[in-house]
2 protein chains.
Amino acid sequence: MPTTTAAQRREQARADYDAFLRECPTNQLLGRLSDKWVSLVVAALAPGPMRYSDLGRKIAGVSPKMLTQTLRTLERDGIISRTVTPSVPVRVDYALTPLGTSLAGLLTAVKAWAETHFDDVRAARETYDTENPA
Amino acid sequence: MPTTTAAQRREQARADYDAFLRECPTNQLLGRLSDKWVSLVVAALAPGPMRYSDLGRKIAGVSPKMLTQTLRTLERDGIISRTVTPSVPVRVDYALTPLGTSLAGLLTAVKAWAETHFDDVRAARETYDTENPA
DNA sequence: CTGCATCCATAATGATACTG
DNA sequence: CAGTATCATTATGGATGCAG
């Protein structure tokens, strides 16, 4: 007879993956996903694969450094794939993996929310600032 | 006769709200939402209102400073409401607004994704690190 | 209890120039 | 084209002490 009941093991498993807990790795993963560039890159790749320079153009304002850094971590996390075509000049394509595709829907939804509800937020800010003068 | 055509105005309106564009305010809003504490606070409030100290306990690892800062920003943006009960000691409850509720579903989905797919990500990292030694 | 103000160390980010 | 290297700047976040 086990020293832990099934209920206890289930409780433990949930605790292990509760992102509210600080030490939990999923907390860190959530931190990764909570990145503006991550959202934009994943959203940009959602319609289909893209080249490095195309991403740089589509995501206006991203520096080469941040773009590379974001792409590297996403690749390492198995969310995107990187394909090098050794032509001249060299060509590199990035695409969502199946794992990345499962995430893309969620992040594009957040991005779409920001675009849709921006007016509401702006109105709320004006009201707040009026009621709470500096 | 207007100096801009309807098509031009439509194009302009879309450009104004395309979060891929850097100067676009929605880009900044997306940056706001792409915050670990924002995700956790909104997710924590999704089931129902909570007091300040309860939030601090539920979201392990958050300092009073960051908690207050996050709550203020969310309040200003119309995503949560703040209710003060002038008892002794004072009691402050935070709750999602309708706007916040519409966002909560999306952010909790991302949080749930992190918890669900963490094992996949971890496996991907091990593979990547094996194939790309330092 | 619920915060706000301040200081401070560190990490993240951005601009820029350069290379295979 | 697809990055890398460097440097300056900013943002983040924790610790602490105090106040309504």
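Residue numbers begin at 1 in each chain, while the letters A, B, ... track the order of the sequences. Everything numeric in this text was worked out from a predicted model, so none of it was measured.
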Take atom [atom1] of [X] and atom [atom2] of [N], then tell me their distance rounded to the nearest Å.
| X | N | atom1 | atom2 | result |
| --- | --- | --- | --- | --- |
| A:Lys65 | D:dA8 | NZ | P | 13 Å |
| B:Arg32 | D:dA11 | CZ | P | 12 Å |
| B:Trp37 | D:dA11 | CH2 | C1' | 15 Å |
| A:Asp54 | D:dC1 | CG | C1' | 11 Å |
| B:Gln69 | D:dG14 | CD | P | 11 Å |
| A:Leu71 | D:dT4 | CG | C1' | 14 Å |
| B:Tyr52 | D:dA19 | OH | P | 18 Å |
| A:Leu67 | D:dG3 | CG | C1' | 10 Å |

Open item on the list: Donor-acceptor check, side chain of B:Glu115 to backbone of A:Ala19, threshold 3.5 angstrom: yes or no?
Closed with: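 Yes.
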Open item on the list: Any non-hydrogen side-chain atom of A:Lys111 less than 4.5 Å from a side-chain atom of A:Leu40?
Closed with: yes
TODO: Find out whether B:Leu33 and A:Trp113 are in side-chain contact, i.e. whether some heavy atom of one side chain is under 4.5 Å from a heavy atom of the other.
DONE: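 In contact.
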What's the closest nucleotide to the side chain of [X] if the choices are [options]?
| X | options | value |
| --- | --- | --- |
| A:Thr68 | D:dG14, D:dA2, D:dG3 | D:dG3 |
| B:Val92 | C:dG14, D:dC1, C:dG3 | C:dG3 |
| A:Pro64 | D:dG14, C:dG3, C:dT16 | C:dT16 |

Task: Sugar-phosphate only, base, or nothing, as touched by B:Val90 at under 4.0 Å among non-hydrogen atoms - done: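 Here B:Val90 touches the bases of the nucleic acid.
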Compare side-chain N and O positions of [X] against OP1 and OP2 of [N] and report whether any pair is under 4.0 Å apart.
| X | N | answer |
| --- | --- | --- |
| B:Arg51 | C:dT2 | yes |
| A:Arg72 | D:dT4 | yes |
| B:Ser53 | C:dT2 | yes |
| A:Arg82 | D:dA2 | no |
| B:Arg91 | C:dT2 | no |

Task: Side-chain donor-acceptor contact under 3.5 Å, A:Tyr52 with A:Thr68 - done: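 Side-chain D/A pair, A:Tyr52 to A:Thr68: present.
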- [ ] Grab the two heavy atoms, one from A:Val62 and one from A:Leu67, that are nearest each other, plus how far apart they are.
- [x]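 For A:Val62 and A:Leu67, the tightest heavy-atom pair comes out as CG2-N, 3.7 Å.
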